[in-house]
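Report on the structure given below.
Letters A, B, ... are given to chains in the order of the sequence lines, protein chains preceding strands, and every chain is numbered from 1.
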Amino acid sequence: MKLTSVNQSLRRLQDPSLIIVILLLVIVVITGSVLSDRFGTMRNFMNVLEQAAGLGFASIGQALVVIVGGIDLSIGAVVTASTILMAAVVDLHPALMIPMIFGTLLFGTMIGFLNGYVTIRTGVHPLIVTLGTASILNGAVLIYTLQPTGSVPYWFEEFAYGRFWSVPVSGLVMLLCFVMVWVFLRYFETGRAFYAVGGSPDAAHLSGIQCNKITLIAYSASGFFAALAGAYFVSRTSVGDPRVGDPITLSSITPVILGGLILGGGKGNIFGVLLGVFLISLLSNLLNYMNVSTFIQWVIQGLIIIVAVSIYVHKGRKL
Amino acid sequence: MIRLEGITKVFPGVKSLDNVSFEAVAGEVHALLGENGAGKSTLIKTMAGAYTADEGTIYFDGNKRSWTTPKESKDAGIHIIYQELMLFPELSVAENIFLGQAPRTRLRTIDYKAMYESANETLDKLGHHLDSRVLVKDLSVADQQMVEIAKALVGETKLLVLDEPTAVISGRESELLFERIKLLRDEGVCIIYISHRLEEIFSIADRVTVLKDGQYVGTYDVAELDRDRLVGMMVGRKVKDIFPPKKDPPAKAAPVLTARNLCVSPKVNDVSFDLYAGEILGLAGLVGAGRSEVAHALFGSISRSDGGVTLGGEGFDAPSPRESIDRGLGFLTEDRKGEGLIMSLDVSANVTAPALPEFTTSLGLDRAHETQAAKDEIKRFRVAVPGPEYGVNKLSGGNQQKILFGRWTRTCRRVLILDEPTRGIDVGTKVEIYEIIRKLADEGLGVLLISSELPEIVGLCTRVLVMRDGIITGEVSGAEINEETIMKFATAAKEPMVQSVFLGEAT
Amino acid sequence: DGYVGLPRTFLWNPNFNEVIDTSDYGGEGPFAIGFSNASQGDGWLGTFYHSVQYGVSQNLDKIDRFIVTDANGDPTKQISDIQDLLEQDIDLLLVNPATADALDPILGRTMRRGVPVVTVARRVESDDSFVSFVTASDTALARMSATWMAEILDGKGRIVLLPGLAGASPAEMRLQAAKEVFAQFPGIEIVDTQYTGWSPANGRQIMAAIIQREGVGNIDGVWADSGLQGSGSVEAFMGAGVTGTDIPPHTGGDLNGMYQLAHENGFPFAGIDYTPSIGAAAVNLAVDVLEGTPVPQRLDVNFQVVISPGHETRSISADVLLPDYVAMDQPGELIMGSGIPNYDPNSFSVDLPN
Amino acid sequence: MNQNIFVRRFAVLCILIVLISLATVVQTSFLSPSNIQDILTQAAPLALVVLGQAFVILVRGLDLSVASLMASIAVMATAFNATSNAMIPVIFVVAIVVSAFVGLVNGFLVTKRNVSPFLATLAMMIVLQGIRFYYTQGAPSGSLPDGFRFLGTGRIMGIPINVLAFALCFCILGWLLHKSSFGRKVYITGGNPTAANLVGIYADRVTIICYVICSVMAGIAGLFLVGFVGTVDNWVGRGYELDAIVACVIGGVALTGGKGTLSGAAVGALILILIFNIVIILGLPVQAQLIIKGVIIIVAATLFSKASRA
Ligand SMILES: Nc1ncnc2c1ncn2[C@@H]1O[C@H](COP(=O)(O)OP(=O)(O)OP(=O)(O)O)[C@@H](O)[C@H]1O
Ligand SMILES: Nc1ncnc2c1ncn2[C@@H]1O[C@H](COP(=O)(O)OP(=O)(O)OP(=O)(O)O)[C@@H](O)[C@H]1O
Ligand SMILES: [Mg+2]
Ligand SMILES: [Mg+2]
């Protein structure tokens, strides 16, 4: 077992894209610590961990879909819809807080399942399918309410702001999710099948893997984690917000790519995605410390994507 | 064990199985024989539920089955080694071998330790030692084929099908594979074995079923057969009727194409030869020998790492495909769908693709001219197609291939490279194509013919180069050209044998 | 010139505006102020930010650190921004909330941490989430422009409402206030209400579509809560071939372009700027808080009522007449009421603490 | 070319006809010349972007940076602070050059660096956005020559100028794609890049040119949109990137490359604008268009994927 895991980790390190993201992380941390005495503190890193949770949840889902060779552009819409659903219902019946947490997660999972189902049935490119779903969801939400609405009990804020021995609860939950997904992908047949399906659907099919089942699981999971992100945002803002999800869709892709997954699927380690999430969050945190305008932040983020992805040239261009 | 009755499978353009019945029993090695495109793979894919037959029924273990997915047949105990590698490059060797049936720990998680160990054992049994932890993408094609085979040896298998497992391996490895197969047979496993190498059939098969152009020819005990009858049944006519009479090239003409120490790292080393106008030069070898790379390197579609090439006497180094085409080189590629045709376009667009400049006027493309050109080729090669506006994706393999011939003969003035020109084509069309090739040579083209079908090489070529692992291991010409000699070189030891022909110029 | 009396809302607001004792926050300068800006996404916000910087530059002796973050409209990022600001031990948090509700929790926590919060332009729900709220009163602004619209139409006509960014509290408050007013005039029929995101582009597209539907002559007035989309609406009418005084009465200030259109065409027009100068006012109030000077829980900043000549109504008279206010020589994108002496957004720069 | 494309054209037209008849039922004056003019005027800028996007999608690509580019070009135009209309040609030239460069970079990343189009153009989108906002500090404040207003809203013989501009581009690009040998190269490259290289077509070159075309069209569209809107803001054309892709898909240009026509894409753009108008006409809240749009995307795409399978 030891030998194996050593060997595994070695192989993981051979993956150039992982080296890149780790390198970038180191650079960010070092520059930060040099430029600001407050950046390098545990307190701050704990804050970043807390702030990263939302993006983290969304990226896990995105990663799972990307591994099976798809892409999910409905994540933002699901996040939004979840916040509205949760906050609106709980506002009317505060007693339903706990059930609604599960209700929301179920809702997200169902939307994801729908995405997967349509993709399989129609053979339409997932990019289009999920774009359609997103459009429909957003439309429905915005017709229901244009402004932030609803509320949740005060104690629910603890999910976003609470600390467990100075470690943010939300951050812990995120890390837990990453670990669970990693174990799933690495130690369960179904998890390995994700890579098979993403790597070569035809071969997977002929090898007796139920590609449709795997695809459905992936998209459902994506929906689930989007809803989880939604719950996080509700507890962070205490309202349902009809726009909160908009930036998430695209920003959920960045960490996935930085983490060494490739659009087209079949490859990548979920921990790479975690590193990607940290990189993005630390970067924005650092630039806040350096009092750099968001506009520069955009430029830097874009450049990082280009650099990271084009340093690691992979075979076969895919959408 | 398995019985198929009246199976018919139609693909757009081809009827690849026509009312075929087939039966194999437990404890036998049953060979499935037929030319390229005879329908062997289709038949087994139907067995596996990868294709659903248009007509006919499948019986497995005595009861009627109608699989809709490969999973069902797999669960029932059918394991198939497909012709194309079914491997996942990003997963380790062990993970590929045990995909879907990995050893579990008490927690139902994958037990990697156990998996790696038993994977190594399985490979050792095949006499093929490699670390089962490495990723499959880092393996050579031959190693990948061994992994593919190893998959068959794990888990419960009642029916084992091997579709051309030895195409990329040879010698010792095949021997060990055959031992395994015999063991399994004695354990009562039913084995269906597909190969183009007749000697293999004779060495391990008990019975053989022959398919021809998707039709069932017959099932025989190997004991009561000899080689010629077998070939006769596969091909359906006498060999001499298939191939046009050979002609030697016009004597002592200067070579139209010369290659010296051509290298493509890492797959091709020091390939040197001359090609004369009017001759058909064969390039034989096992799949993976590097022949396609040679062809690509000559054509300029992959870059040469070393070596000098001349075309029509002038230097021809580092050309682009465009330049090659302009200088009269044509290259009909191995993979019709992947590298040759543009499936989304119609016949005329496919024919004129390399010669667009010729059809471009100041007003843009001259459609009338294009259509005319396409019509000519259709007539010339007797392509069965309604018209130039017809989509190539709806043509049969043979007609698609003719379209490609049409494409290249229009532009090609000096040398035509043909990589597996008859793959997956019915025998009738094959004969036509052989005549076409002959005719092109007679018209003064130098033809370089790459083929894995030895009969083809033997029947057409006046001279044959044999490759193995990226080097030329031998040249045979005239009377020496026969399958045995060629196979000897094709599976020969690595070091190049002295090639008297080139000693003069090469050094 | 213009109106210099007490802020109208202060005069009219029936509720008492309690004075907050800030002595617990009071201390010795110089101070560190963190400014969490919602966004600089449109012209108004850009000028508003300039006004904030102007305010800081006026207090250089008292402010030695001034840290800015910009959430580009994303409340969740703004929460993170605020956390990052707090980590840099600021003495006071000045915030322009992206949305009213979403920031309540984090601002509450900030206050409980002992860091005073001053919200500007938008307030948040609960009173104990901030010390003071600086505004130019959306309610008053909308009530006056709506009243003018109703009266210029003699209380009857078919009008279109073009509110700003759906969900943004200023837009919602103004819309609500306007509706209250129009409810007083049974003759006024609201044909359609469409949010415009304070974008000239949307304003124009939406209005063009509505004109198509209603037919050119059948719209008697357009109430826009800002000239940003108001100008788009006027453009739509001109695009449909309606020009000059044929253009129905419009409202909406802020954008010089709107004033220019109104001045050139001469249609009845009432413009009220939601003055970006609240930025500077907020900074000054923040300094007061830090010095322990008592501050009102709600600080109203004056605005000017600008009306085209001859179009004053019974209850709404002009503080300034359009010709005296419009800056014809300035670009249309200029935002009015910055309160910065001879303001030019391009060349604007002030020296700030590091 | 082959009957798949017929099926496509037919499907698109069906959707178009349904929408138009729906609109005319609700509002009889819908097909009045003036109304048609208005709709075309609104559709023109998006349609311009769609023309370019179609080229990229035909070569198996995708360009998410177009909207960001439109806004950036618009802002750049104001940076001249030009007042005389004489500057307009200059502005156009500069805009085209800059856009072309952006397209070049996109194309380079996609072909030479093998970055997936989605990412390359996504990154480009973010970078442009950052530069733009940094330059304007959030609030663009230059001014444009009045001539732009005329370009955006003016008419020649009753025909809106930007519609004329679209017609012109449509003819040029239509000739390029459907009549010239370059167009054929586009279809070959999109249909089978490997084969393209093997028949002596420089697939990478073709692809890069397509990205350049796309960006240039976006730049031009940006200028016309500014002219149409009257004032520049940093989000001019926001959302056009996805709308353009959606229009192409609705119009039958397959994301898998090599299939579809320019006219189809243009119709797709028209359909999107119609959805917007119809929602207003029906007196529905603007948001409702999102729902309709979503449904139509999936339905249309499904039609085509069925069609292309048959
Ligand atoms: N998926 C497919 N679509 C269309 N035609 C097909 C398909 N698969 C096989 N064919 C056609 O069916 C015929 C039989 O193909 P098949 O692969 O079964 O031949 P084979 O006997 O396996 O030949 P080989 O010895 O080269 O493997 C060929 O003409 C081939 O072109
Ligand atoms: N058995 C195989 N399965 C899948 N791919 C293969 C196999 N053998 C070779 N290839 C790949 O197909 C291409 C052509 O094979 P290569 O040129 O190496 O040998 P070759 O002598 O051309 O074999 P072929 O008989 O296919 O022409 C190469 O990219 C090689 O990696
Ligand atoms: Mg086969
Ligand atoms: Mg080959």
Side-chain angles (χ1 to χ4, degrees), chain A residues 71 73-74 77 118-119 121-146 242 250-251 253-254 256-257 262-264 292-319, chain D residues 60-62 64 105 108-120 122-138 193 207 242 245-246 249 254-257 284-306 308-309:
Chain A
I71 187 166
L73 295 188
S74 69
V118 176
T119 313
R121 278 276 158 271
T122 62
V124 173
H125 195 294
L127 192 131
I128 296 300
V129 174
T130 51
L131 200 60
T133 323
S135 186
I136 296 173
L137 269 181
N138 279 326
V141 165
L142 288 173
I143 287 178
Y144 172 75
T145 174
L146 283 166
L250 290 182
S251 58
I253 294 174
T254 318
V256 171
I257 297 313
I262 58 174
L263 298 182
V292 176
S293 100
T294 3
F295 311 146
I296 302 290
Q297 296 192 25
W298 282 333
V299 180
I300 295 178
Q301 208 194 43
L303 291 180
I304 284 188
I305 299 180
I306 293 181
V307 170
V309 182
S310 59
I311 285 181
Y312 176 35
V313 180
H314 40 70
K315 292 187 246 58
R317 196 178 312 141
K318 290 173 179 166
L319 222 65
Chain D
R60 302 191 173 185
L62 180 87
L64 293 176
V105 175
F108 174 82
L109 288 171
V110 170
T111 55
K112 304 298 180 198
R113 302 300 305 159
N114 242 311
V115 182
S116 93
F118 189 95
L119 292 176
L122 172 64
M124 179 58 77
M125 166 180 116
I126 301 173
V127 171
L128 287 175
Q129 183 175 319
I131 298 174
R132 179 170 80 244
F133 272 82
Y134 185 71
Y135 170 75
T136 60
Q137 283 306 316
T207 309
L242 291 182
I245 295 169
V246 169
V249 171
L255 282 178
T256 45
L284 300 170
V286 184
Q287 312 86 292
Q289 68 172 312
L290 292 173
I291 298 184
I292 304 177
K293 210 191 275 180
V295 174
I296 289 192
I297 300 168
I298 297 182
V299 170
T302 312
L303 280 177
F304 295 136
S305 69
K306 287 268 190 301
S308 49
R309 282 209 213 97

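Contact of D/V295 with chain A is made through backbone and side chain together, with heavy-atom distances under 4.5 Å. If you measure heavy-atom distances from A/I300 to chain D, you find no contacts under 4.5 Å at all. Using a 4.5 Å cut-off between heavy atoms, D/I131 touches chain A through backbone and side chain atoms alike. Heavy atoms closer than 4.5 Å to chain D are found nowhere in A/I304, neither backbone nor side chain. Heavy atoms of A/L137 lying under 4.5 Å from chain D are absent altogether. Heavy atoms of D/V299 lying under 4.5 Å from chain A are absent altogether.
Once rounded to the nearest 0.5 Å, the distance linking CG of D/L119 with CG of A/L263 reads 4.5 Å. Put simply, CD1 on A/I253 and OG on D/S116 are 9.0 Å apart, with the number rounded to the nearest 0.5 Å. The distance from the CD1 atom of D/I297 to the OG1 atom of A/T130 is 9.5 Å, given to the nearest 0.5 Å. Annotation: the span from D/I298 atom CD1 to A/I136 atom CD1 amounts to 4.5 Å, rounded to 0.5 Å. Interatomic distance, A/I262 CD1 to D/N114 CG, rounded to the nearest 0.5 Å: 10.0 Å. Once rounded to the nearest 0.5 Å, the distance linking CD1 of A/I143 with CD1 of D/I291 reads 4.0 Å.
Heavy-atom pairs under 4.5 Å with chain D were tallied for A/N138, A/V129, A/I257; the largest tally goes to A/I257. The greatest number of non-hydrogen atom pairs below 4.5 Å with chain A, out of D/G130, D/P193, D/A120, is found for D/G130. Chain D forms more heavy-atom pairs under 4.5 Å with one residue of A/I305, A/V118, A/I128 than with any other, namely A/I128.
Nearest heavy-atom pair across D/Q287 and A/L142 is NE2-O, 3.1 Å. Shown here for A/L303 and D/V127, the closest heavy-atom pair between the two residues is N-CG2, 3.9 Å. Nearest heavy atom pair, residue A/G302 against residue D/A123, reads O-CB, 3.6 Å.
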(request) Please lay out, stage by stage, how A/H125 and D/V249 fare under the test side chain to side chain contact (heavy atoms under 4.5 Å, CB included). (result) CA-CA 10 Å; A/H125 195 294; D/V249 171; over 6 Å; no
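Ring orientation note: the planes of A/W298 and D/F133 are nearly perpendicular, at an angle over 60° on the 30°/60° scale.
Contact of the D/L255 side chain with the A/L127 side chain is registered, since non-hydrogen atoms from C-beta on lie closer than 4.5 Å.
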